[in-house]
Amino acid sequence: MKDFRKSVLIGISGGVDSAVAAAILQERGYHVEGLYLRNGFPVGGEEAAATVADRLGFPFHVLDITESFRTDIVDYFAGEYLAGRTPNPCIVCNKRIKFRYLRKEARARGLGCIATGHYARVKERNGSFQLLKGIDTTKDQSYFLFQLGQEELAQLILPNGDRTKGEIRKLAQDLSLPPRAESQEICFIPDDNYRTFLEDYPVALPSPGNIIDREGTIVGKHRGTHTVTIGQRKGLNIASSRPYYVIEINTGKDEVIVGRDEDQFSHGLRAHHCSWISGDFPSHGTFQARVCIRYRHRGVDAEITPLPRGRVRVDFTTPQKAVASGQAAVFFRDDLLLGGGWIEGGLHDA
RNA sequence: UGGGGCGUCGUCAAGCGGUAAGACACAGGACUUUGGUUCCUGCAUUCGGAGGUUCGAAUCCUCCCGCCCCAG
């Protein structure tokens, strides 16, 4: 008889992090079962995941979620680029795929908890759950989990959150887990090239057009607005005394606007579809927080002003580069993740 | 075919007799559970062409080719 509260379904990818996380759970006396989500793309580590389960000796399940992965993730991903935004598929996948199916399968299998190999921590406090940054701040992945809520957190265990990447690697060695050394990019794009991926995807692509500077002078050509993203420098093919960066994408005119390094700064941003991990929207006025504009962004202190309909205005204390619409703005107070939203655009005028 | 100027890496550009800086671009790598950024490495045996002077020239001379400007 397995103890419901001591049983866990862990999402395993085939990588070291989830493998070690599973081992840690076993060590803690959990009944562990593993779930691999097959997304329909041949990039995954299904075989490696099966090997890990076999090595560690726990039941291994595979769930084919190709259908929803395509509509919820890949379509979203392509749509964002076509709209001139910069998607973050991992965040969306965590909320709509990974944790959703993990919970669903756990329930179906009578397992009380779910787990992943993310570097973040869950803490219970007065009956509510908090998400904290991982101890290893250089590896912290709480950014990717900002959309989770109390429902997920209530049954979530993140064994790697209070360990460093080094410790995890060491554990992997000690357990002689198959080394699958790789830092995968987007899990469904094999060659790391999202541009060619989009070109192969069944969507109507934007037309080639001009690259112009802030004065409107044509300085180059692009192959379609979907091939560039805010803050991009490489691949523009513009020879100049100093590098150019993409500062704006005009899909209506098929135009890409570039500027110099100093033209990249915004003093704030607006975000929409904000979610607050505690469940409560902070509707009572402005508050201070540290905001991360992208994964591995060190964060900047800012003033957050809630706006109607789940929107928010953020004013940085220090201007930030390459605020990209489509990316997430995630708010922290020290290690505590408060919530986050999707960036509509940067604020440029005072 | 009167005068003047210029031709050095894909682009911009140092060098002015002592044996080809740098920047941008590009390529590869590192970093990385998103894109971008960043970092590292590589990138003209050769200076429009052909001769000449010199121990030695991209640097001086001659001619040729090609641009640009001012006069015609």
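Each chain gets a letter, A, B and so on, in the order the sequences are listed, and its residues count up from 1. From a predicted model like this one, the values you see are computed outputs, not experimental measurements.
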Can Ile10(A) be reached from Tyr30(A) by stepping across I, L, V, M, F, W or Y side chains whose heavy atoms are under 4.5 Å apart? yes
Under-4.0 Å side-chain N/O to phosphate OP1/OP2 contact, [X] with [N]:
X         : N      : answer
Arg233(A) : C24(B) : yes
Arg296(A) : U38(B) : no
Lys139(A) : U32(B) : yes
Arg195(A) : G35(B) : no

Just compare [options] and give me whichever is closest to any side-chain atom of [X].
X         : options                : answer
Arg294(A) : A25(B), G36(B), U37(B) : G36(B)
Gln141(A) : U33(B), U34(B), A25(B) : U33(B)
Ala239(A) : C31(B), U37(B), C24(B) : C24(B)
Ala324(A) : G35(B), C24(B), U32(B) : G35(B)
Thr86(A)  : G36(B), C26(B), G35(B) : G35(B)
Ile230(A) : U34(B), C26(B), G35(B) : G35(B)
His118(A) : A25(B), U33(B), G35(B) : U33(B)

To the nearest angstrom, how far is [X] atom [atom1] from [N] atom [atom2]?
X         : N      : atom1 : atom2 : value
Tyr143(A) : G36(B) : OH    : C1'   : 12 Å
Ile73(A)  : G35(B) : CD1   : P     : 15 Å
Tyr295(A) : U34(B) : OH    : C1'   : 10 Å
Arg242(A) : A13(B) : CZ    : C1'   : 17 Å
Phe197(A) : U34(B) : CZ    : P     : 16 Å
Gln320(A) : U38(B) : CD    : P     : 15 Å
Ile91(A)  : U33(B) : CD1   : P     : 14 Å
Ile211(A) : A25(B) : CD1   : P     : 12 Å

Between Arg294(A) and Tyr143(A), is NZ or CZ placed under 6.0 angstrom from the six-membered ring centre and within 45° of the ring axis? no
Looking at Phe332(A), I'd like to know if the NZ or CZ of Lys133(A) sits under 6.0 Å from its six-membered ring centre while staying within 45 degrees of the ring's axis. yes
Measuring only the [atom1] atom in each nucleotide, how far is [N] from [M]? A whole number of Å is fine.
N      : M      : atom1 : answer
G35(B) : C31(B) : C1'   : 15 Å
U59(B) : G52(B) : P     : 14 Å
C12(B) : U1(B)  : C1'   : 32 Å
C43(B) : U34(B) : C1'   : 31 Å
A30(B) : C68(B) : P     : 47 Å
G7(B)  : C16(B) : C1'   : 16 Å
A58(B) : C9(B)  : C1'   : 14 Å
A23(B) : C39(B) : P     : 11 Å

How is [X] classified with respect to the nucleic acid when contacts are heavy atoms under 4.0 Å: base, sugar-phosphate, or nothing?
X         : answer
Gly235(A) : sugar-phosphate
Pro87(A)  : base
Tyr245(A) : sugar-phosphate

Do [X] and [Y] sit within salt-bridge range, that is, some charged N less than 4.0 Å from a carboxylate O?
X         : Y         : result
Asp335(A) : Arg121(A) : yes
Asp136(A) : Lys165(A) : no
Arg296(A) : Asp140(A) : no
Glu152(A) : Arg100(A) : no

N/O donor-acceptor pair, side chain Gln264(A) with base U37(B), under 3.5 angstrom: no
Partner nucleotide of [N] by Watson-Crick or wobble geometry (both distances under 3.5 Å):
N      : value
U38(B) : A30(B)
C16(B) : none
G51(B) : C61(B)
G72(B) : none
G66(B) : C6(B)
A23(B) : U11(B)

Is any side-chain heavy atom of Phe146(A) less than 4.5 Å from a side-chain heavy atom of Leu338(A)? no
Between Ile238(A) and Gly231(A), just flag the one whose closest nucleotide in RNA chain B comes earlier from the 5' side. Ile238(A)
When Tyr194(A) and Ser240(A) are each assigned the nearest nucleotide of RNA chain B, the 5'-most assignment goes to Ser240(A)
